[in-house]
Each structure stands twice: as structure tokens, then as C-alpha cells.
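Have a look at the structure below, then the notes.
Quick caveat: nothing in here was measured; it's all calculated off a predicted structure.
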Amino acid sequence: ISQLVKSIKGVIQQDEFIDGEISNSELYMKELCDNYPVDYILKALMQVYSSNLLNSKILEGVLIMVSSVPYETVAPEGQVMAMGLLSNKDLLIRDRAIQCFEKWNSKKGIPALISLECHPKWLQKYVEKVITYLERDGID
């Protein structure tokens, strides 16, 4: 697992995250899922996450990686990581954590979002939009 932790960190550090573009981290996550058991990948991601709580670049990469695969695939670790970062001091990280729930498109994520109170106001409005979207179009 320590080898996987190093390789995940390396990919994230070299990556650039641009909205609307598929990042190398997303591609790497899909490749990992094809080659390793998911629980092994999630254990490595959880290590990367927990040892980089002050590193926004790494946290953003972790969120992008977990959001690139289905909700059920990363449950419950992916959701725990996203929920843990919903209160991060970095606005970008909180935004990315909400995007995870939007990308997973699962109604199972609604309770986590309903329990949120976000600042600034625009972020709370985004949460409410995602909740509405999931209630209407989310998969069960």
C-alpha cells in the first residue's frame, strides 16, 4: 500500500485540475480500479488524505479521484473523505467536496448535503441546487 500511496501522491502533484477537462488523476483512478481491488485503492487514498490535511492540492486530487468512480464503488470511504472536507478552511476544497456528491449523482448523498450549513452564501446555494438535482435526477 505504501507504494500505491507514493504513486497516487506523485500523480496528483504533477496534475492540473481544470473544470470540464479529464485530469490525469481521474484517468489514473480508472486505471487503478482496473488493476487493483477497490478496498486496497481506498486504503491508500485514505492514507494520502489523512496525511495531507493541510495540503489543498493533494486534497483536491483525492476528491477528484474518488468522485471519478461510482458512489457505491467508493462507499463508505469516498463519502467519509468528501464529508470530512466539507468544512475545510479552503473554499476550493469545500466546493470540490460538494462536486463529489454532484458527480456521484446518488440520492444516498442527500442526507450528508442536507446536514450542511455552508458559508459564503453562494456555496450554500450550490449545495441546495445539488440537493434539488439529486432529488429529481439522482439514481437510487
Do you know the tightest heavy-atom contact between [X] and [Y]?
X	Y	value
I98	C118	CD1-SG, 4.4 Å
F17	S23	CD2-CB, 3.9 Å
T73	V38	O-CG1, 3.2 Å
G138	N105	CA-OD1, 3.3 Å
A97	A82	CB-O, 3.4 Å

Take M46 and L42, measure what side-chain contact (heavy atoms from CB on, under 4.5 Å) needs, and give me the verdict at the end.
-> CA-CA 6 Å; M46 192 64 96; L42 290 173; over 6 Å; no

Practice item. Count the heavy atoms of every other residue, nucleotide or ligand shown that sit under 6.0 Å from CD1 of I18, and state whether that count exceeds 12. Key: yes

- Kindly check if the number of other-residue, nucleotide or ligand heavy atoms within 6.0 Å of NZ (K43) is above 12?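 No, the 6.0 Å shell around NZ holds no more than 12 heavy atoms from other groups.
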
For the pair K108 and E72, find out whether any cationic side-chain nitrogen is under 4.0 Å from an anionic carboxylate oxygen. yes

**Study point:** Sidechain N-carboxylate O distance under 4.0 Å for D90, K57
**Key:** no

Specify whether Y36 and Y40 have parallel, tilted or perpendicular ring planes, treating 30° as the upper limit for parallel and 60° as the lower limit for perpendicular.
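Rings of Y36 and Y40: parallel, as their planes differ by under 30°.
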
Any side-chain heavy atom of [X] sitting closer than 4.5 Å to one from [Y]?
X	Y	value
L85	V62	no
E77	L45	no
V74	M65	no
N55	L59	no
M83	F101	yes
I131	E135	yes
S68	I22	no
L113	L116	yes

Give, for atom [atom1] of [X] and atom [atom2] of [Y], the distance between the pair rounded to the nearest 0.5 Å.
X	Y	atom1	atom2	result
I12	I64	CD1	CD1	8.5 Å
S2	Q47	OG	CD	7.5 Å
E117	L86	CD	CG	13.0 Å
L4	K6	CG	NZ	11.5 Å
L63	N88	CG	CG	9.0 Å
Q13	N52	CD	CG	7.5 Å

Can a donor-acceptor pair be found, under 3.5 Å and without considering hydrogens, that links the side chain of [X] to the backbone of [Y]?
X	Y	result
W104	V69	yes
N24	D15	no
N35	E31	yes
R94	H119	yes
Q79	Y71	yes
K107	I139	no

Can you get from Y133 to W122 by hopping between Ile, Leu, Val, Met, Phe, Trp and Tyr side chains that sit under 4.5 Å apart? yes

| Y49 and L92: same hydrophobic cluster, using ILVMFWY side-chain contacts below 4.5 Å? |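 Different hydrophobic clusters.
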
